[in-house]
Amino acid sequence: MQTLPPDFYARPVLEVARELIGCVVEYVPGDGSPTSGVIVETEAYHECEPACHAFAGLTPRTRTLFGPPGRAYVYRSYGIHALFNAVCEPEGVGAAVLIRALEPLDGIEQMYARRGMSGNGAVREQDLCSGPGKLTQALGIELSDNGGDLHEGPVRIRPRAPTWCEPNVVGGTRIGITKAVELRWRFCVAGNRHVSRPRPLAMASPPD
DNA sequence: CATGGGATTGACT
DNA sequence: GTCAATCCCATGC
């Protein structure tokens with residue numbers, strides 16, 4: 001099965017963010033079962049705007065962002081979560097697509113095992129990967145995956161499945177940021193139950 | 001070297 | 001609706 005080549009990512013980050021919708025993230029950890037899911041939500045980040053880590057320039061933290069396209073940029077958020085991005089644009093330009101939600105495909109039982117229980121109630125399937133911190137936990141992606149080649153793995157991204165050739169994509173503003181909040185650089189599959197909250201205004205909220 | 005701030009989540013009022 | 005958990009790293013002295 002093929003994976004997306006580096007050339008796919010060496011383009012304007014907004015294009016890549018739209019076209020990654022419907023593609024498949026697959027992760028085979030060294031000691032665990034493979035898991036995968038269809039990308040249903042992304043956000044674009046680019047060095048030209050202050051919400052992007054690369055806005056601060058080349059530092060140890062942003063080294064991966066300025067490196068070759070088609071690599072994984074994984075960083076720790078709020079001291080707790082690992083967030084997974086695909087590095088885009090030509091080498092030397094700091095830009096990436098944040099993968100915000102997946103529709104689980106393979107290894108769903110493994111995802112339940114990694115996500116465990118939330119308080120008193122069991123996690124629902126549409127909540128397994130409905131957020132950038134949730135999906136890395138469900139797949140087992142860790143900080144050590146930062147800089148990994150998305151073409152070679154262990155984190156891989158595969159082209160759109162036939163049933164996802166023309167996903168209906170809606171845009172909105174990005175989530176959880178305090179700078180450049182007006183940019184509508186978030187992309188979601190319209191009506192998909194696995195998209196994270198809050199849903200874009202343009203998106204009719206599917207039932208729980 | 002000390003400090004402060006998150007591209008979040010889950011629990012709780 | 002509010003809030004704490006928790007750690008990497010950027011910044012400033």
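The sequence lines fix the lettering, A, B, ..., with proteins before strands; numbering per chain opens at 1.
- A salt bridge is absent between R11(A) and E89(A): the closest approach of a Lys/Arg side-chain nitrogen to an acidic carboxylate oxygen does not fall below 4.0 angstrom.
- Contact of the L83(A) side chain with the Y73(A) side chain is not registered, since no non-hydrogen atoms from C-beta on lie closer than 4.5 Å.
- Ranking dT8(B), dA7(B), dG10(B) by closeness to the R115(A) side chain, first place goes to dG10(B).
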Sugar-phosphate means primed atoms, P, OP1 and OP2; the rest is base. With that split, encode nucleotides 5-12 of chain C 5' to 3' as B, S or - using protein heavy atoms under 4.0 Å.
-> BBBSSS--

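- Across all their heavy atoms, I21(A) and V40(A) have their closest contact at CD1-C, 3.7 Å.
- For the pair E49(A) and W185(A), the minimum side-chain heavy-atom distance is below 4.5 Å.
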Encoded 5' to 3' (Watson-Crick or G-U under 3.5 Å; [ ] crossing; | other strand), DNA chain B becomes ||||||.|||||.

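- In terms of heavy atoms, D127(A) sits closest to S130(A) at CA-OG, 3.3 Å.
- Between V74(A) and T136(A), the closest side-chain pair of non-hydrogen atoms is not below 4.5 Å.
- Between G133(A) and K179(A), the residue whose closest nucleotide on DNA chain B is further toward the 5' end is K179(A).
- The cationic group of R76(A) does not satisfy the cation-pi geometry with Y78(A), failing either the under 6.0 Å distance to the six-membered ring centre or the 45° limit from the ring axis.
- Taking the ring centre of Y45(A) as origin, the terminal cationic atom of R174(A) falls inside the region bounded by 6.0 Å and 45° from the ring axis.
- A heavy-atom distance below 4.0 Å to DNA chain B is reached by these residues of residues 86-106 of chain A, ordered by number: L98(A), R100(A).
- A salt bridge links E43(A) to R100(A): one of the charged nitrogens lies within less than 4.0 Å of a carboxylate oxygen.
- A donor-acceptor contact under 3.5 angstrom links the side chains of E41(A) and S196(A), judged on distance only.
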